[in-house]
**Q** 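Just passing along the structure, written as structure tokens.
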Amino acid sequence: MSAKIIDGKAVAARVRERVKAEVAEMDTKPGLATILVGDDPASHVYVRNKRSACAEVGIESIHHELDASVPESELADLINQLGQDDSVSGILLQLPVPGHIDSDAMIELIPPDKDVDGLTTMNAGRLVQGRAGLVSCTPAGVMELLDSEGVDLRGAEAVIVGRSQLVGRPLASLLLARDATVTMCHSRTKDLAEVCSRADVLIAAVGRAKLVTAEMVGDGAVVIDVGINRTDDGLVGDVDFDAVAEKAAAITPVPGGVGPMTIAMLLVNTVKASHLQQDDRGAAVG
Ligand code: NDP
């Protein structure tokens, strides 16, 4: 079998068009505030890409760049100020932040209805409880890719490798909400190959180049590769793409799979956040 390649760029482009059309209809344009602390080159690239994606769809971009040595209290003041600013629909604190800053504490300062990364305890908790909220962008993007392929998740065996707060855990909740039978694997999982081989849908979010080999994948599985690993051969995922593509029914490439979806879902979340705030204001007025 030779797998269908799931084109994340094309799916993301469709999502961005959808967002652009929605923003064009909105009386008040949504605004995304990005906060970048320090000079990590990769973070600068990510934030630049997020801001240009905002500009493309008509979302206002409000950018703050802080020195690596900024006191935590100054960052906290900025987040609080953006939290109260009506022109700011969403707040994104680019991670990682320098070691002297408690990133968890800073994220908790973001009002839940502006938490476009879905990382506050409130939004993470709502997701686990199956209640509406803002959902972390990469897991939301994975779901959009699965839906774009028409993957039937009800009763499907879904195996996730990686249990991070950012990807693995929210993804488990999203798949469970769609009636998949979810198994989560991590560094202590016994016989990872055997567990993975049972999957109808296999998602790798580990950060280890080519960890998932063809022997670990069942015939006809749908394989989603979240991993991004910089190697001498360039960017590669967590899945041994060429070998696994011989067995899988469908597979995402790296780059060009999940990556573009993450930014597209950030735009979706910013619009959603703007609606949440309009609703709140409407309720307050009404
Ligand atoms: P984390 O480092 O937070 O988590 C990695 C997870 O993988 C942990 O749960 C860890 O287990 C597990 N793990 C590590 N080694 C093994 C192993 N040998 N076998 C099984 N499980 C293992 O990573 P993130 O979730 O933040 O990111 C994962 C990958 O996804 C990275 O490559 C990252 O760059 C990429 N990424 C891509 C995004 C995109 O937009 N495409 C967005 C976000 C991340 P344990 O918990 O036991 O330590």
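Order of listing sets the numbers, starting from 1, for every ligand and every atom in it. Residues: numbered from 1 along the sequence shown.
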**Q** So, does T189 use its side chain to make a donor-acceptor pair with the main chain of L192 at under 3.5 Å?
**A** no
**Q** Does S274 use its side chain to pair, donor to acceptor, with the backbone of T270 at less than 3.5 Å?
**A** no
**Q** Could you identify the single nearest non-hydrogen protein atom to atom 18 (N) of ligand 1 and state the distance to 0.1 Å?
**A** L211 CD1, 3.8 Å
**Q** Do me a favour and list the nearest non-hydrogen protein atom to atom 46 (O) of ligand 1 with residue, atom name and distance?
**A** R163 NE, 2.7 Å
**Q** Protein heavy atom under 4.0 angstrom of atom 27 (O) of ligand 1, is there one?
**A** no
**Q** Are the charged groups of R178 and D147 less than 4.0 angstrom apart, N to O?
**A** yes
**Q** Using a strict 4.0 Å cut-off to heavy atoms of V161, name the atoms of ligand 1 that fall inside it.
**A** 20 (C), 21 (N)
**Q** Please report which non-hydrogen protein atom sits nearest to atom 42 (C) of ligand 1, along with the residue it belongs to and the distance in Å to one decimal place.
**A** T138 OG1, 3.2 Å
**Q** Can you pull out the closest protein heavy atom to atom 20 (C) of ligand 1? Residue, atom name and distance to 0.1 Å, please.
**A** H186 O, 3.2 Å
**Q** Among protein heavy atoms, which sits nearest to atom 24 (P) of ligand 1, and what does the distance come to when rounded to 0.1 Å?
**A** S164 OG, 3.7 Å
**Q** Does either side chain, that of Q81 or that of H64, offer a donor lying less than 3.5 Å from an acceptor on the other one?
**A** no
**Q** So does G38 get a backbone contact from the side chain of H44, meaning a donor-acceptor N/O pair under 3.5 Å?
**A** yes
**Q** Who's the nearest protein heavy-atom neighbour of atom 47 (O) of ligand 1, and how far?
**A** S187 OG, 2.5 Å
**Q** For G162, counting its heavy atoms only, list the atoms of ligand 1 lying under 4.0 Å from any of them.
**A** 6 (C), 7 (O), 9 (O)
**Q** Check this for me, if you would: do E194 and R198 make a salt bridge, where the nitrogen-to-carboxylate-oxygen distance has to be below 4.0 angstrom?
**A** yes
**Q** Is the closest heavy-atom distance from G259 to ligand 1 below 4.0 Å?
**A** yes
**Q** So, does K50 use its side chain to make a donor-acceptor pair with the main chain of L266 at under 3.5 Å?
**A** no
**Q** Run down the list V167, L235, V206 and name the one with the heavy atom closest to atom 23 (O) of ligand 1.
**A** V206
**Q** Geometry only, no angles: is D238 polar-contacting ligand 1 at N/O separations under 3.5 Å?
**A** no
**Q** Using non-hydrogen atoms of the residue, decide whether C185 is closer than 4.0 angstrom to ligand 1.
**A** no
**Q** When you measure from the side chain of R169 to the backbone N and O of R163, does any donor-acceptor pair fall under 3.5 Å?
**A** yes
**Q** So, does D238 use its side chain to make a donor-acceptor pair with the main chain of D225 at under 3.5 Å?
**A** no
**Q** Do Q94 and T34 pair up side chain to side chain, a donor and an acceptor below 3.5 Å, judged on atom types alone?
**A** no
**Q** Relative to ligand 1, is Q165 under 4.0 angstrom through side chain, backbone, both or neither, heavy atoms considered?
**A** neither
**Q** Looking only at N/O atoms, are I228 and ligand 1 under 3.5 Å apart anywhere?
**A** yes
**Q** Considering only heavy atoms of T262, which atoms of ligand 1 have at least one such atom less than 4.0 Å away?
**A** 39 (C), 40 (O)
**Q** For atom 31 (C) of ligand 1, which of the options P255, G207, G141, G237 provides the nearest non-hydrogen atom?
**A** G207
**Q** Let me see the working for T231 and N229 under side-chain hydrogen bond (donor to acceptor under 3.5 Å, both in side chains), right down to the final yes or no.
**A** CA-CA 6 Å; T231 70; N229 306 288; over 6 Å; no
**Q** Please state which option from L266, V226, V254 has its nearest heavy atom closest to atom 41 (N) of ligand 1.
**A** V226
